[in-house]
Every structure is written in C-alpha cells, then in structure tokens.
Amino acid sequence: MSEGTSRQDALRAIAGWYEKTPARAGVALTNGYAGPGDSYAGPWHRVFGKDVFSQRVMRERLPKDVFKSFVNTISQGKPLDERIADTIANAMKDWAIENGATHYTHWFHPLTGSTAEKHDSFLIPDGQGGAVSEFTGAKLVQGEPDASSFPSGGVRATFEARGYTAWDATSPVFLSRGQNAVTLCIPTAFVSFGGEALDKKTPLLRSMDAVSDAARRILKIFGTDTGVSRVVSTCGAEQEYFLIDRRFYVNRPDLLMCKRTLFGAPSPKDQQLDDHYFGAIPERVHMYMAACEEVLYALGVPVATRHNEVSPGQFEIAPVFENANVATDHQQLTMQVLRTVAPRFGMQCILHEKPFAGVNGSGKHVNWALATDTGVNLLDPRDEAHTNMQFLVFLCAVIQAVDTHAPLLRATVGSAGNDHRLGANEAPPAIISIFLGDMLQDIIDQLEKGTPTSTKKNANLDLGATALPQIPRDSGDRNRTSPFAFTGNRFEFRAVGSSGSVAWPLTALNTIMAESLHAIADEIESAAGKNPTPAKLTATCKSVLKSVIKKHKRVLFSGDNYASNWHDEAEKRGLPNLRSTPDTLPVFTSKQTQAAFKNTKVLSKRELESRHAAYSEKYANETSIEARTMLSMARTLILPAVLRQQAELAETVAATEAAGVNTQDTRDALDIYVNQVTQTRMAIDALESALAGTQDFDHHKLPTALRDQVIPRMDELRKCADELERHTADDIWPLPSYAEMLFVR
C-alpha cells in the first residue's frame with residue numbers, strides 16, 4: 001500500500017508490521033542501517049569507531065614522523081604541516097576505498113543549522129581511456145563549493161559564488177554509509193572569498209582558541225599551567241526527539257512541511273499520569289534505538305544513555321563528554337542518524353522543539369565545561385571547595401559572563417520552533433539565570449561577606465530498610481527549571497532547542513567566558529603585582545571576586561523558574577526577559593556583543609551583522625511557511641471535511657423532521673456546528689490578510705511583523721479548527737489525531 005492512504009489503512013498496516021515482526025526479533029545492520037526481523041549484529045565494542053579514520057588507523061598507515069606531527073595538530077591545535085598533507089590524503093583514500101568508498105566530500109555546517117556536502121569521485125581519467133584513483137593533499141585541505149545559495153546575511157551576493165572549505169584536522173574524518181554507497185566525509189570550515197565565516201564551525205574553533213588563551217592566563221597566575229598547552233571547552237549534548245509512525249507523518253502536511261503540527265485537538269490522555277517518563281521502552285522503539293546506536297558507535301559517537309522522555313512518543317539519547325568541536329560534529333551526525341534510521345522501522349523521527357501542542361517539547365541540554373589537556377576539569381570544585389581559589393575564579397567568571405551577556409545567550413537559542421517551547425512549563429523561561437546548588441551558593445554568600453570558611457559536606461541517605469544500602473547524597477539538589485544550572489562539575493545550558501546545532505551556543509559561551517576571564521585576570525594582576533606571595537594572591541582574588549559577586553549576583557536564582565512570581569522578581573532585579581526570537585535579534589548588532597566578539601577575535605562586526613540578517617530571514621521564512629501551510633490545510637483538507645459533516649447533520653435534521661419527529665436538539669447542534677465553520681472561514685480570511693500585509697517589510701522589521709500580526713491569526717485559526725475536530729466524526733476528519741500519533745507505536 002502507498003504511504004498516502006487513509007488513517008484506517010495506516011492503523012491496519014501498523015498492526016500488520018507487528019504481526020510480521022516476531023517479539024524475539026532483534027536488529028541487524030545492512031550497509032550501516034537497520035532493518036527489522038534480523039539478528040543483532042553484536043556488542044558495541046566490536047564496531048566502535050570502525051568507520052572513523054582514527055589514531056589507531058593512522059598509526060598503522062602513516063610514517064611515524066607524519067603520524068606524530070598529525071597527532072600534535074589534533075591534540076594541541078598546532079598548525080598542520082602542509083608538507084605531510086599528500087601522505088595523509090593518500091592514506092585516507094586507500095583506507096576509504098578498502099571500506100567501499102567511491103567518493104569524498106567536504107562536510108560543513110552552513111548557517112542553515114544542518115550540514116552540507118558535495119560529493120566528488122576519487123576516480124579521474126588517466127588520459128588513456130581508463131581511470132585512476134587520486135586524492136591529493138590539496139583536495140584534502142581545501143574545497144570550493146558554491147557559496148551563493150547558502151545563507152550569508154549579505155556577505156555574499158548571488159553573483160558572488162566563490163567560497164572555500166578548509167579541512168578541520170581536529171575533528172575525525174569518517175565514512176558515511178548509504179544503501180549502496182560509501183562516502184569519505186571530511187569535516188571542514190566554510191568561509192567566503194573574503195575570509196568571512198559562512199558557517200558555525202569557524203567561529204566555534206576561534207572561540208575555543210580564545211577561551212584556551214584566557215584560561216591559561218588564569219592558570220599562569222596560580223602557577224598551575226605547568227605542562228598545560230591548551231584548555232578545551234567540552235560538551236555533552238542530550239538530544240530529545242519524538243517518534244511517530246511514518247504513515248501518520250505523511251498524512252500530515254504540517255509535519256511534512258513544518259516539522260510540527262499546526263492543528264490538533266488534545267488527546268484525552270497525554271502525559272498527565274507521568275507513566276511514560278523512564279518507562280519500559282516500547283519494543284519497536286527499542287529496536288530502533290539499538291540500530292541508531294550501532295551506526296553511531298561505528299562513527300565514533302560515544303552515545304551512552306537512552307530512555308523514554310516525559311511526553312508519550314518522546315525519547316532521549318545522550319553521549320559522553322567530548323571536545324566541544326568534535327561534540328558538535330557528533331551532534332549533527334546524531335540528528336542525521338536519528339532521522340535516517342527511523343523509516344527502516346516504519347517510523348519518523350521529529351526533532352522540532354514543539355511538534356505537539358499541550359505536551360512537553362524537546363530540548364538539547366548542552367553540558368559545558370573547561371578542561372586542560374592534562375585532564376583537569378577547571379569547573380570541578382573538589383573537596384573543601386571554599387579553599388580552591390582557582391576554581392572560585394572560574395566560577396565567578398561564569399557568573400559575570402552570563403549576567404553580562406544574558407541577552408546574547410538567549411539569542412543563541414532563539415528560533416521559531418524554540419519560541420513555542422521556552423517557558424511552557426517544560427523548559428526554562430526566556431529569563432537567563434544561574435542555579436549553583438546549596439554548596440556553591442553558600443560559598444558565594446560567604447565570599448561576598450568576606451572570607452569563606454567552610455564547605456557544606458555531603459551526607460549519606462538512610463533509606464530506612466535494612467536491605468537497602470546507605471547511599472551518598474550530592475552536595476546540592478538539581479534544579480530542572482533553571483536555564484543555566486551547575487550540575488557537579490559543569491554547567492547545563494537547558495534552553496537550547498532540539499533541532500539546531502549546538503555550535504552557536506557553545507561559541508557564545510566560550511567567547512563570553514574568555515572575555516570574563518581576561519577581565520578578572522587584569523584586575524588580579526593589577527592589584528597583586530608581579531610574583532605575589534600566595535597570601536597576597538589569595539587576598540587579591542578574594543577582593544576581586546567579592547566585587548564580581550556584588551555586581552552580578554542578581555543572575556543567581558535557586559527557586560522555581562516556572563513560577564509566575566519569578567518573572568516579577570526578575571524584573572525587579574533588572575534581568576532581561578526576551579520572550580520571542582524577534583526580541584533577541586538586535587542583540588547580534590549591539591555594541592556590547594560586538595565588543596566581546598571583536599576583542600576575542602571570534603567574529604567581526606560584519607560577520608555578526610550577517611548572522612543578524614541570516615537568522616532574521618530564517619525566522620521569517622519558517623513562520624511564513626507555517627502560515628501558508630495552515631491556509632492550504634484549512635482550505636483543502638479541513639473545510640471540505642467539515643462541510644461534509646455539516647451536510648450530513650443537515651440531512652439528518654431534514655430526514656428526521658420529514659418523519660414527524662422533534663429535532664430541536666439536532667438542529668441546535670447543527671446551528672452550533674455551522675457557526676464554528678463560519679468562524680473558521682473568518683479565521684482563514686484573517687490569516688490570509690495578515691500574511692499579505694507583511695509582504696513589504698524589510699528583513700529587519702519582518703520578524704516582528706510576523707510575530708505581532710500573523711502568529712496571533714494562526715493561533716485563532718488553530719483554535720477554531722481544533723474545536724471543529726472535537727465535534728467531527730472520526731471517519732470524516734482528514735488528519736491523524738494526537739491520540740493516534742502519540743500512542744500508536
């Protein structure tokens with residue numbers, strides 16, 4: 001049967017899938033993907049990294065001096081020795097061809113938020129009627145995709161097509177396996193003819209250099225920089241997503257076009273019972289998860305966690321921490337694998353932040369920290385944290401950075417999709433605040449008053465049953481409502497949306513942290529002088545940090561971020577509350593933001609302005625597409641269906657009256673239904689008029705116009721249509737329902 005059949009056919013087909021798939025069936029990989037009904041391929045350690053040009057592979061295939069030079073580039077961020085590029089390229093080509101590859105691609109992250117690739121064959125004509133395989137160092141290091149059709153925010157005009165990709169040697173090269181093709185993927189940066197960043201990787205790598213330099217400056221002040229050649233930002237990004245049966249997905253134009261439902265009456269049951277969260281994973285979903293993990297393990301992505309999330313049909317996958325740049329690439333691969341494997345199981349993975357109204361949306365919690373290349377986590381308080389002055393400097397630098405640049409952090413997570421999620425009692429509000437936990441908050445309070453003298457100690461929990469052990473209790477509880485929470489040895493930025501790249505939030509975090517560390521270092525060095533005694537250094541640090549806390553403590557909040565009174569309290573504190581993406585867009589061109597990026601050499605004024613334009617255009621395009629999709633669905637699907645229902649009601653009234661039976665109740669129902677249909681028609685006309693009224697706005701004003709004029713009309717049309725769904729016969733309503741999509745798995 002075709003995918004575009006009726007809902008009833010879809011339900012029958014789903015039942016048939018289970019009948020044909022024994023309960024004992026596992027999952028096997030075919031060309032890197034999974035198919036139901038086969039046996040499981042084997043434990044993860046047999047496949048981990050098999051599709052990565054890893055250090056193990058390099059050691060086997062490269063001369064020792066080339067291998068050593070290359071590893072220094074990877075581990076210490078040293079410039080690549082161009083003289084060894086040909087040797088590395090040839091080894092990569094041989095390895096890739098041995099694994100079935102026929103093409104290679106420079107894999108990059110344009111401002112679309114997804115990835116891009118252009119495939120080139122290894123084969124070239126030999127001039128004698130045949131062909132040879134060739135891959136040179138020049139082709140490895142640099143490529144030239146067309147730059148005119150990617151978002152550039154005005155940096156590139158349509159007729160200015162030249163752009164360059166440059167190999168990022170610090171991120172592993174990998175193989176992408178399709179049904180009948182294997183491609184060598186080379187992570188790269190993407191820049192314009194003039195050198196401006198047109199991607200998300202270039203600023204991220206610059207920001208990592210910036211925060212490394214600033215952090216090493218602090219380490220030098222404390223004399224702990226011995227052996228440290230680099231400080232890296234690390235990331236562990238938790239990914240939430242929805243799974244629905246694909247037959248429902250293709251019968252929903254809104255999901256196909258917009259990745260979220262624009263219409264849909266609530267299901268009688270959704271997440272009220274909290275019975276889905278951490279529940280037993282449904283069998284088909286479990287098989288899908290195992291298949292995804294197998295592909296990700298082969299790509300070297302260290303996924304470690306899988307579980308049911310809060311909403312029915314919602315799940316999560318999370319990796320182990322990695323270098324932020326590699327973690328960003330792996331995050332993009334994770335989203336790609338989640339999407340591409342799902343159809344093999346007759347499902348569709350939805351990464352939108354709010355695909356279903358009324359239930360929890362999906363985020364991408366970004367766990368961020370700083371660590372030396374010698375293995376020291378600089379955000380680990382350790383025992384007796386009140387005496388760990390170096391840690392307190394880094395902690396206060398975070399507080400200062402987040403308070404100073406809260407609007408920027410909010411802007412990095414702004415999108416049309418995330419606006420539906422933030423503050424909806426499932427995600428942090430648009431107000432950026434920091435949760436430290438009991439132990440660190442107590443130390444900060446002590447430091448503000450003078451000298452911290454103690455660290456709150458952990459205690460064991462006695463569970464009251466002799467069969468159960470006493471378990472150690474952490475130094476502080478978690479606050480799942482906080483947008484920026486300390487969670488033991490890292491900060492969790494919980495406001496990031498599920499569908500986008502983590503590169504932009506990480507870039508901002510690294511940049512503002514670098515600025516903050518340099519500012520604190522300036523004050524310490526100015527007050528303490530050269531070669532201060534330990535006592536003088538400690539006293540100076542306490543004085544500087546006390547000033548930082550007094551100035552920026554307003555951003556610290558340990559209560560319920562969902563509570564309405566927090567909005568009032570935040571306003572009293574002077575904290576910004578940028579409720580929608582159009583509110584955040586001017587942040588990119590503010591003097592404060594431009595100064596931070598310029599001083600750290602991460603982004604120029606022109607590059608920031610280009611992002612303002614590109615993200616404005618993206619918001620406007622996504623919102624306009626949603627409005628047009630709503631109008632199309634309302635006119636071609638919903639109105640024809642409800643008019644059939646209206647006609648059936650009218651025929652019932654006429655037939656009943658002809659039989660001499662009182663039909664007042666049915667006539668009243670018909671009147672109510674006709675009125676609802678009329679209101680829906682009026683809502684359609686109002687939305688169409690509002691959308692037409694925004695056509696002449698420029699890209700600076702269009703996002704605000706769409707938010708203020710179009711989105712309210714969209715909400716009204718949805719309200720009318722959802723009410724009609726509640727009163728329309730199931731066999732007439734043309735769209736799969738929330739109950740079907742969320743619960744049929």
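Nearest heavy atoms, Pro203 versus Asp199: CD-O, 3.4 Å. In plain terms, the two heavy atoms of Leu175 and Ala96 that are nearest each other are CD2-CB, 4.0 Å. In terms of heavy atoms, Leu299 sits closest to His330 at O-NE2, 4.0 Å.
Close placement of the Tyr104 and Phe135 rings is indicated, their centers lying within 6.0 Å of each other. For an aromatic pair to be called close, the ring centres must be under 6.0 Å apart, and Trp368 with Phe493 fails this.
Taking 4.5 Å as the limit, some side-chain heavy atom of Glu134 sits within range of a side-chain heavy atom of Lys139.
Aromatic ring orientation, Trp504 versus Phe588: tilted (interplanar angle from 30° to 60°). Between His420 and His352, the angle of the ring planes lies from 30° to 60°, which puts this pair in the tilted group.
Residues passing the side-chain contact (heavy atoms from CB on, under 4.5 Å) test with Arg83 are Asp81, sequence neighbours excluded. Residues that satisfy the side-chain contact (heavy atoms from CB on, under 4.5 Å) test with Pro63, not counting sequence neighbours, are Asp65, Val66, Thr87.
Checked by atom type and distance alone, the side chain of Thr340 pairs as donor or acceptor with a backbone atom of Gln336 at under 3.5 Å. Side-chain N or O atoms of Lys618 include one that pairs as donor or acceptor with a backbone N or O of Thr112 at under 3.5 Å. Side chain of Lys364 to main chain of Gly500: a donor-acceptor pair is present (N/O by atom type, distance under 3.5 Å, no hydrogens or angles). At distances below 3.5 Å, not a single donor-acceptor pair connects side-chain atoms of Glu316 with backbone N or O atoms of Glu240. Side chain of Tyr615 to main chain of Thr581: no donor-acceptor pair is present (N/O by atom type, distance under 3.5 Å, no hydrogens or angles). Under a 3.5 Å cut-off, the side chain of Ser207 and the backbone N or O of Leu204 do form a donor-acceptor pair. Using modelled atom types, no side-chain atom of Ser501 and backbone atom of Gly113 make a donor-acceptor pair closer than 3.5 Å. Between the side chain of Gln239 and the backbone N or O of Ile317 there is no donor-acceptor pair closer than 3.5 Å. Using a distance-only test at 3.5 Å, with no hydrogens or angles considered, a donor-acceptor pair links the side chain of Ser192 to the main chain of Gly194. Here the side chain of Asn418 pairs a donor or acceptor atom with the backbone of Ala495 at under 3.5 angstrom.
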| Hey, mind stepping through Asn323 and Thr234 against side chain to side chain contact (heavy atoms under 4.5 Å, CB included) and telling me if it holds? | CA-CA 5 Å; Asn323 168 303; Thr234 61; 5.9 Å; no
| request: List the steps, then state whether side chain to side chain contact (heavy atoms under 4.5 Å, CB included) holds for Met741 with Phe356. | output: CA-CA 10 Å; Met741 290 186 288; Phe356 301 100; 3.7 Å; yes
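A salt bridge links Lys201 with Asp329: the closest approach of a Lys/Arg side-chain nitrogen to an acidic carboxylate oxygen falls below 4.0 angstrom. The pair Asp245-Arg284 counts as a salt bridge, with a side-chain nitrogen and a carboxylate oxygen less than 4.0 angstrom apart. Remark: Glu622 does not engage Lys259 in a salt bridge, criterion side-chain N to carboxylate O under 4.0 Å.
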